[in-house]
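To start, the structure itself, in structure tokens.
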Amino acid sequence: MDVTPEVALTAKDLADNQLVWGRWGVANGDLERLTLAMSEAWPDRDPSNIGVGNAEYVLIRDANGRERVDAGLGQIDFTLSSAQAFYHGEAGVSAMAVRDGALSVDFNRGAFTTSLDMDHDVTGEVQFTASGKVDEKGYFLSNSADGNLAGTTSVDGSEAGYLFEQQLEAGGIQGLTLWGQ
């Protein structure tokens with residue numbers, strides 16, 4: 001099962017989300033499925049609580065002015081709601097299928113683990129894995145020789161999202177995720 005939406009999500013689709021991906025400019029154009037133009041993503045969300053981002057995307061976290069995650073959240077095993085991933089190769093940029101994933105955040109230990117299963121005609125099956133620390137604000141990062149991840153949870157622990165990059169022998173992968181409970 002591919003968790004990438006067949007058509008691009010709209011502001012109406014994401015109106016109840018605490019986490020929303022905004023994009024600067026056109027990013028990957030017609031291939032975009034999870035992102036909204038910044039003008040659509042920003043208006044009703046608290047601009048003081050930007051989650052994570054890079055030169056193309058920003059994960060906006062609506063936290064109603066709060067900074068820290070709720071106390072007592074413990075371990076949460078999230079369900080992958082939707083994702084988009086792109087293979088950047090010699091022939092340009094093309095969409096990858098994101099088949100499955102797992103994300104576990106343990107707020108008591110301040111740690112997370114995640115994995116994503118993807119495939120593409122050129123790469124075949126690819127698995128992305130990462131682990132690292134989660135801070136008291138719900139932000140988590142992982143950097144390794146062949147991949148990077150930056151993400152955040154909602155302050156109530158009901159949602160999570162991250163962006164990731166992975167180097168392959170030929171080309172690389174870039175993607176975004178949204179998770180729920």
For M118, the option from D100, D2, I173 that meets side chain to side chain contact (heavy atoms under 4.5 Å, CB included): I173

Test item: S81 side-chain N/O and G180 main-chain N/O as donor-acceptor pair under 3.5 Å: yes

Any side-chain donor near an acceptor of the partner, T35 and Y57, under 3.5 Å: no

Flag side-chain contact, heavy atom, 4.5 Å: L168 against T123: yes

Exam field: side chain E32 to backbone N28, donor-acceptor pair closer than 3.5 Å: yes

Residue pair T4 / R33, side-chain donor-acceptor N/O under 3.5 Å: no

Q181 side chain to T79 side chain, donor-acceptor N/O pair below 3.5 angstrom: no

Heavy atoms of other groups near N108 CG, more than 12 under 6.0 Å: yes

Heavy-atom check, side chain of M38 versus side chain of I60, under 4.5 Å: yes

Separation of L34 CG from L19 CG (nearest 0.5 Å): 12.0 Å

Non-hydrogen side-chain atoms of V134 and Y139 separated by less than 4.5 Å: no

Note, L149 side chain near N143 side chain (heavy atom, < 4.5 Å): no

Residue pair D156 / Q18, side-chain donor-acceptor N/O under 3.5 Å: yes

R109 (side chain) donor-acceptor with G74 (main chain) under 3.5 angstrom: no

Donor-acceptor under 3.5 Å (S82 side chain, P5 main chain): no

pair R99-D119: side-chain heavy atoms closer than 4.5 Å: yes

Validation row: F164, L176 side chains within 4.5 angstrom (heavy atoms): no

Stepwise side chain to side chain contact (heavy atoms under 4.5 Å, CB included) test for E136 and V69: CA-CA 6 Å; E136 69 280 352; V69 295; 5.7 Å; no

Side-chain heavy atoms of F140 within contact of T114, under 4.5 Å: no

Side chain to side chain contact (heavy atoms under 4.5 Å, CB included) evaluation trace for W21 with L36: CA-CA 6 Å; W21 284 106; L36 300 175; over 6 Å; no

Donor + acceptor pair across side chains of E56, Q174 (<3.5 Å): yes

D117 versus Q127, side-chain donor and acceptor atoms under 3.5 Å: yes

Gap separating the CG atom of D62 from the CG atom of N17, nearest 0.5 angstrom: 10.5 Å

Distance, nearest 0.5 Å, that separates OG1 of T177 from CG of L59: 8.5 Å

Y162 side chain reached by S142 side chain, heavy atoms, under 4.5 Å: no

